[in-house]
Amino acid sequence: MTPAINLLKKHRVAHIVHSYVHDPRVASYGLEAAEKLGLAPQRVFKTLLASTETAELLVAILPVHAQLNLKALAACAGVKKVEMADPQRAQRSTGYLLGGISALAQKKALRTFLDSSAQGLESLYISAGRRGLEVELAANDLLQLTQGHYAEIASFCE
């Protein structure tokens, strides 16, 4: 099991683990998860890390078919500017590999923002900490475990 799944079990949070065979050639790990699990992309969320002007790392969780609105994330975090975090730094900070970064049980506690589109969902899917492994849980449980907040951080293209 991954640290993310162990955390869910430790806190007795209702969840369902879903796995699929990951194709390392895909361009989008999140869209691959939605497709292989037969889910609408609105229910599958990706975990991204951004860095502030003071080098603080932030966690942004948003639907796989959306793009992170960096200006919106900066505003929600109360900072001037954010940019996508260096991939190596993201891996070191979280303890997970790219494509399998989970918002749960990261090595360091980081401020976490979940896109507000999750509020209307009965459950959502996030990485369970490994490529090809997703966990389904309630958005409020995710926020409680990460001490996160809802925020409008996603940009949706038609």
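Note that these values count all heavy atoms, side chains included, but never hydrogens, waters or copies made by symmetry.
In terms of heavy atoms, Leu98 sits closest to Gln91 at N-OE1, 2.9 Å. Among all heavy-atom pairs drawn from Ala128 and Ser102, the shortest one is C-CB, 4.2 Å. When all heavy atoms are compared, the tightest approach of Phe113 to Cys76 is CE2-O, 3.8 Å. Of all non-hydrogen atoms in Ile101 and Tyr96, the two that sit nearest each other are CA-CB, 3.6 Å. Here the shortest heavy-atom pairing between Val135 and Ser127 reads CG1-O, 4.2 Å. Nearest heavy atom pair, residue Val64 against residue Gly30, reads CG1-CA, 3.4 Å.
We find the CG-CZ distance between Leu133 and Arg131 to be 13.0 Å, quoted to the nearest 0.5 Å. Note: Thr112 OG1 to Gln147 CD = 8.5 Å, rounded to the nearest 0.5 Å. One finds the CG atom of Leu143 at 5.0 Å from the CG atom of Leu114 (value rounded to the nearest 0.5 Å). A distance of 7.0 Å separates OG in Ser117 from NE2 in His65, rounded to the nearest 0.5 Å. Atom CD1 of Ile5 sits about 9.5 Å away from atom CG of Leu104, to the nearest 0.5 Å. Separating the CD atom in Glu136 from the CG atom in Leu121 is a distance of 10.5 Å, to the nearest 0.5 Å.
Around the CD atom of Glu35, the shell of radius 6.0 Å holds no more than 12 heavy atoms that belong to other residues, nucleotides or ligands. The environment of Glu56 atom CD is dense: over 12 non-hydrogen atoms of other residues, nucleotides or ligands sit within 6.0 angstrom. Within 6.0 Å of CD in Glu122 there are 12 or fewer heavy atoms belonging to other residues, nucleotides or ligands.
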Check against side-chain contact (heavy atoms from CB on, under 4.5 Å), Val26 and Leu31: CA-CA 9 Å; Val26 298; Leu31 289 173; over 6 Å; no
Residue pair Ser123, Arg43: steps toward the side-chain hydrogen bond (donor to acceptor under 3.5 Å, both in side chains) verdict: CA-CA 7 Å; Ser123 65; Arg43 295 197 59 206; 2.6 Å; yes
Verdict with reasoning, Leu73 to Glu152, per side-chain contact (heavy atoms from CB on, under 4.5 Å): CA-CA 8 Å; Leu73 179 60; Glu152 292 189 21; over 6 Å; no
Criterion side-chain contact (heavy atoms from CB on, under 4.5 Å) on Met84 and Leu68, from CA distance to verdict: CA-CA 9 Å; Met84 294 305 298; Leu68 176 58; 3.8 Å; yes
Full working for side-chain contact (heavy atoms from CB on, under 4.5 Å) between Thr52 and Lys81: CA-CA 6 Å; Thr52 70; Lys81 183 180 177 185; over 6 Å; no
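Between the side chain of Glu53 and the backbone N or O of Lys80, at least one donor-acceptor pair lies under 3.5 Å.
Considering only heavy atoms from C-beta on, Val44 comes within 4.5 Å of Glu134 through its side chain. Residues Arg130 and His22 have side chains not in contact (no heavy-atom distance under 4.5 Å, counting atoms from C-beta outward). Residues Leu142 and Ile61 have side chains in contact (heavy-atom distance under 4.5 Å, counting atoms from C-beta outward). At least one side-chain heavy atom of Arg89 sits less than 4.5 Å from a side-chain heavy atom of Leu57. Counting heavy atoms from C-beta on, the side chains of Asn140 and Gln144 never come closer than 4.5 Å.
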